[in-house]
Amino acid sequence: MTPDLLAALTAARAAKQPVVVATKLPGGEQMLLPAADAAPDLAAAAARALERDESGTVRLGEVDWFLNVYNPPMRLIVVGAVHIAQALVPMAAMMGLNVVVVDPRRSFATPERFPNVTIITEWTDEAIEALAPDVRTGVVTLTHDPKLDDPALDIALKSPAFYIGSLGSRKTHAARLKRLRELGHQEEALARIRGPVGLNIGAVTAPEIALAVLGEFIAARRNSPLGTKSPQSNV
Amino acid sequence: MSDADALDILSVASGWRAAGEQVAIATVTETWGSSPRPAGSQLAVTVSGKIAGSVSGGCIEGAVAEAAMKTIASGVPQLLDFGITNERAWEVGLACGGKLKVFVEKLA
């Protein structure tokens, strides 16, 4: 890899741009995509690889190209700077996720409790709206307080976020769904919320619940059967 | 996200390069069967013996590091094939019986 290519790749990644390094095999000629001067078939293959988020070798004409995908990290928006968040946030960061903590209660949302992550202390609906969850973003609410959780879920449901979870018992969740219904959300939209949140691994402690949430997040991301949401699949 | 950066092989490799080390990067380009690491997995290695990342469960890292020394010396990249048959797999250390290709290049 040439210093120029490495510098361009590093800059693109710092700017959180999705890019592909295409390497001609076996010779090793390389280019960074997307690029204005790329051959259309190579450009299309790179776009598909980014979309699938999967590196691999493709044959174009008589030439093998290895396409190495560098998508920006997936994002996890954690609503509620609570005890469980203190376990969830560092574990998610270790997985390489871009983690954002949202909580307007400044005594909870402190850098001492959440070092090295973005903390937003706006009201939760304004915060989620500004963060604009996309198809590579998950949103999980942990506050147990309808004043904070509901506005966040309301906005998350209007976004294409691939994972939406909400902490709370079945009873709490049923009450939550009723309130969101009153805000005008249809059943199909409400079915996107994973509640009670997390895989059913019998989690009890904060780190265990964090593990259950992250397991479910990955399962949803990778289309694992475990990630298929059904009322029976989680507790 | 400092933790994610710590796992980012290219950042580690370019850091080593900037510090004057001679560095090669190995990347899994294709896998078949039960290979433990997906395409795109990377390993960085230096002439001085530093190593970061992985291209397998640990079984072929030695052979890849050896090939990397050649690429650093010659500047010529290599495309390595591992795990031809199950019996051969033991020789190169791919006990899982998987197959993979690894591209080795010098970080100029």
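All values reported here derive from a predicted model rather than from experimental measurement. Just so we're on the same page: letters track the sequence lines, and every chain starts at 1.
Only the side chain of Leu9(A) has a heavy atom closer than 4.5 Å to any heavy atom of chain B. Proximity to chain A is limited to the side chain of Gln42(B), based on heavy atoms less than 4.5 angstrom apart. Contacts of Val76(B) with chain A are absent, with no heavy-atom separation under 4.5 Å from either backbone or side chain. Only the side chain of Gln30(A) comes within contact range of chain B, judged by heavy atoms closer than 4.5 Å. Interface remark: Thr57(A) contributes backbone and side-chain atoms alike to the contact with chain B (heavy atom separation under 4.5 Å).
Heavy-atom contacts from other residues, nucleotides or ligands closer than 6.0 Å to CD of Gln17(A) number more than 12. No more than 12 heavy atoms of other residues, nucleotides or ligands shown are found within 6.0 angstrom of CZ on Arg106(A).
Minimum heavy-atom separation, Asn68(A) to Thr27(B): ND2-CG2, 3.7 Å. Closest of all the heavy-atom pairs between Val28(B) and Phe66(A) is O-CZ, 3.3 Å. Minimum interatomic distance between Ala108(B) and Pro3(A) (heavy atoms only, all atoms of both residues): O-CG, 3.5 Å. Nearest heavy atom pair, residue Gly28(A) against residue Pro77(B), reads CA-CG, 4.3 Å.
Comparing Leu6(A), Thr2(A), Asp64(A), Val21(A) by heavy-atom pairs within less than 4.5 Å of chain B, the highest count is held by Leu6(A). Ranked by heavy-atom pairs shorter than 4.5 Å toward chain A, the options Leu107(B), Thr31(B), Thr29(B) are led by Thr29(B).
Here CZ of Arg13(A) is found 4.0 Å from CG of Asp8(B). Values are rounded to the nearest 0.5 Å.
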